[in-house]
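First comes the structure, then the notes that go with it.
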Amino acid sequence: MVQKTPESIPSRCPVLWPLFTLLAVAAATLLVGWTVDQTLQRVAARHPDVPVWPLLRRCRVPLQLVVSTGLLLGLRPLERLLDLHGDTLRHGLLLVLIASLGWLTVRVVAAGIEAGFRRYETTAGDPARVQRVRTQVGMLRRVVSAVIAVVTVAVMLLTFAAMRAIGASLLASAGLLTVVAGIAAQSTLGNFFAGLQIAFGDTVRIGDTVVVEGQQGTVEEITLAYLVVRLWDYRRLILPVSYFVSRPFENWTRKHPGLLAWVVLHLDHTTPVDQLRAALHEQLRATPLWDGDEWSLVVTDTTPTTLVVRAAMTARTTDDAAALRFAVREHLIAYLRDEHPYALPRVRTGEAR
């Protein structure tokens, strides 16, 4: 009778332990994500004046990916379950771990930058300064994210043996590659540095009212490559950021978010300008669109048939300025129609007496 050695006895449940390990990894991943999320939620509720805690809750998915990949690398249940030999699977998991770490770093850094800006926004009293800082923060977040992404990709490439072997030759040809890449990406690099110049040079900011290519709009987004201007009819004008460095453009709100609204009327020479000026002042005092700073009504020109009257008044924002301009024009025309109809322009056909 032949006795079986322990090595020859087949395992009764060869997949039981790897499956149990996979379930434990999944449970640990979910538990870590839930615990961190609940902790951040409670801390945010206790400290509502600190904006960083709710922003850090966006890091839950990359954090769970880091935890799960790290446990899979350490416990190696997939190799036992699939009966794989070699480093292919471990190398793939290592690449995923490095990528998820880079993703988590981007989220954490972005949360810190955004939290700092929100705290500054609540304490700053100058809206123009807030717009400038918002533009700089957005550009800084994109630059930091790009740097982290490049570093992450570089670390992933260094995990390949072939990349380490040819490192010396790559360094030897780095000068030539730099020249070639600079020529090929001249436009991209120009836009990149132009974006940094715009962000920290304070020439144009998010929320500014600008006139570009003969069209008025509001700056909606600034990136390292392009700038988006929202026009009055909700169309988007997309221009490279280098445009705002190399060409002239109008910025109506660079120093102050408010704007001077104006209305031009062509009236008869018999118009009572003083009474019209008083009617304008009365309307401005009654409307919340006027910021109470400046206003005027003057005769700017004359023609053989009309007087050219200009009414000017300030508003807090460009939207208020547009609404105030429409309201003032309508009110002044209605006032002249009801109180002084002879002041409206007429075509004279009779002889003068």
**Request:** Salt-bridge test for E221 and R142: reply yes if a basic N is under 4.0 Å from a carboxylate O, no otherwise.
**Result:** yes

**Message:** Can you confirm whether R42 is buried at CZ, in the sense that more than 12 heavy atoms of other residues, nucleotides or ligands lie under 6.0 Å from that atom?
**Reply:** no

**Message:** To the nearest 0.5 Å, what is the distance between CD on E250 and OG1 on T209?
**Reply:** 11.5 Å

**Complete:** Here the pair of heavy atoms bringing L324 nearest to A315 is CD2-CB, 4.5 Å

**Considering all heavy atoms, the nearest A343-P272 contact** = CB-CD, 4.3 Å

**Message:** On a heavy-atom basis, which atom in I98 and which in T152 lie closest, and how many Å separate them?
**Reply:** O-CG2, 3.6 Å

**Request:** Please tell me if the side chains of W103 and I148 come closer than 4.5 Å, counting only heavy atoms from C-beta onward.
**Result:** no

**Request:** First locate atom CG of D268, then atom CG of L336, and finally report the distance between them rounded to the nearest 0.5 Å.
**Result:** 10.5 Å

**Request:** Return yes if some donor-acceptor pair links the side-chain N/O of T271 with the main-chain N/O of V273 below 3.5 Å, else return no.
**Result:** no

**Prompt:** Any idea which heavy atoms bring R337 and L344 closest together, and the distance?
**Reply:** CA-CD1, 4.2 Å

**Greater than 12 external heavy atoms within 6.0 Å of Q38's CD** = yes

**Prompt:** Given side chains that start at C-beta, do those of Q64 and L30 come closer than 4.5 Å, heavy atoms only?
**Reply:** yes

**Asked** Between T287 and Q283, is there a donor-acceptor pair closer than 3.5 Å when you use the side chain of the first and the backbone of the second?
**Response** no

**Message:** Main chain of L73, side chain of R90: is a donor-acceptor contact present, judged purely on distance under 3.5 Å?
**Reply:** yes

**Request:** Spell out, yes or no, whether V150 and V147 are grouped together once hydrophobic residues are joined by side-chain heavy atoms under 4.5 Å, including indirect joins.
**Result:** no

**Item:** Check against side-chain contact (heavy atoms from CB on, under 4.5 Å), M313 and V328
**Value:** CA-CA 9 Å; M313 46 275 166; V328 165; 3.7 Å; yes

**Prompt:** Short question: side chain of T306, backbone of T303 - any donor-acceptor pair under 3.5 Å?
**Reply:** no

**Fill in**
Nearest heavy-atom approach of D291 to E294 is OD1-N, 4.4 Å

**Fill in**
Rounded to the nearest 0.5 Å, the CG atom of L231 sits from the CZ atom of R236 at a distance of 8.5 Å

**Request:** First locate atom CZ of R58, then atom CG of L104, and finally report the distance between them rounded to the nearest 0.5 Å.
**Result:** 14.0 Å

**Asked** Between W290 and H281, what is the ring plane arrangement, given parallel below 30°, perpendicular above 60°, and tilted in between?
**Response** perpendicular

**Asked** Mind checking whether V299 and W295 sit in one hydrophobic cluster, side chains of I, L, V, M, F, W, Y counted as touching below 4.5 Å?
**Response** yes

**Close side-chain approach of V212 to L239, heavy-atom, < 4.5 Å** = yes

**Student check: side-chain heavy atoms of V228 and V219 closer than 4.5 Å** = no

**Prompt:** Checking salt bridge (Lys or Arg N to Asp or Glu O under 4.0 Å) for the pair E330/R325: CA distance, chi angles, key distance, verdict?
**Reply:** CA-CA 9 Å; E330 181 179 350; R325 184 166 61 247; over 6 Å; no

**Request:** Starting from the C-alpha separation in whole Å, work towards a yes-or-no answer on side-chain contact (heavy atoms from CB on, under 4.5 Å) for V309 and V264.
**Result:** CA-CA 6 Å; V309 178; V264 174; over 6 Å; no

**Prompt:** Can you hop from L280 to L276 via hydrophobic side chains spaced under 4.5 Å?
**Reply:** yes

**Asked** How long is the span from the OG1 atom in T305 to the CG atom in L267, to the nearest 0.5 Å?
**Response** 11.0 Å

**Message:** Please verify the inter-ring angle class for H340 with Y342; under 30° counts as parallel, over 60° as perpendicular, anything in between as tilted.
**Reply:** perpendicular

**Message:** Could you tell me if the side chain of L227 sits less than 4.5 Å from the side chain of V229, heavy atoms only?
**Reply:** yes

**Request:** Report yes or no: do I333 and F326 belong to one cluster of Ile/Leu/Val/Met/Phe/Trp/Tyr joined by side chain heavy-atom distances under 4.5 Å?
**Result:** no

**Asked** So, for Y234 and R230, which heavy atoms are closest and what is the spacing to 0.1 Å?
**Response** CE2-NH1, 4.0 Å

**Prompt:** Given L95 and L93, is the side-chain contact (heavy atoms from CB on, under 4.5 Å) satisfied, shown in steps?
**Reply:** CA-CA 5 Å; L95 294 177; L93 290 175; over 6 Å; no

**Message:** Working to the nearest 0.5 angstrom, can you tell me the gap between L63 CG and R57 CZ?
**Reply:** 13.5 Å

**Prompt:** Does S100 use its side chain to pair, donor to acceptor, with the backbone of L97 at less than 3.5 Å?
**Reply:** yes

**Prompt:** Is the closest side-chain heavy-atom distance between R60 and R107 below 4.5 Å?
**Reply:** no

**Prompt:** When you check the gap from the basic side-chain N to the acidic O, do R277 and E282 get nearer than 4.0 Å?
**Reply:** no

**Asked** Same hydrophobic cluster for F249 and L237, using side-chain heavy-atom links shorter than 4.5 Å among ILVMFWY?
**Response** yes

**Message:** Between Y335 and Q275, is the side-chain contact (heavy atoms from CB on, under 4.5 Å) condition met? List the steps.
**Reply:** CA-CA 10 Å; Y335 169 78; Q275 298 182 30; 3.7 Å; yes

**Any Q41 side-chain heavy atom under 4.5 Å of D37 side chain** = yes

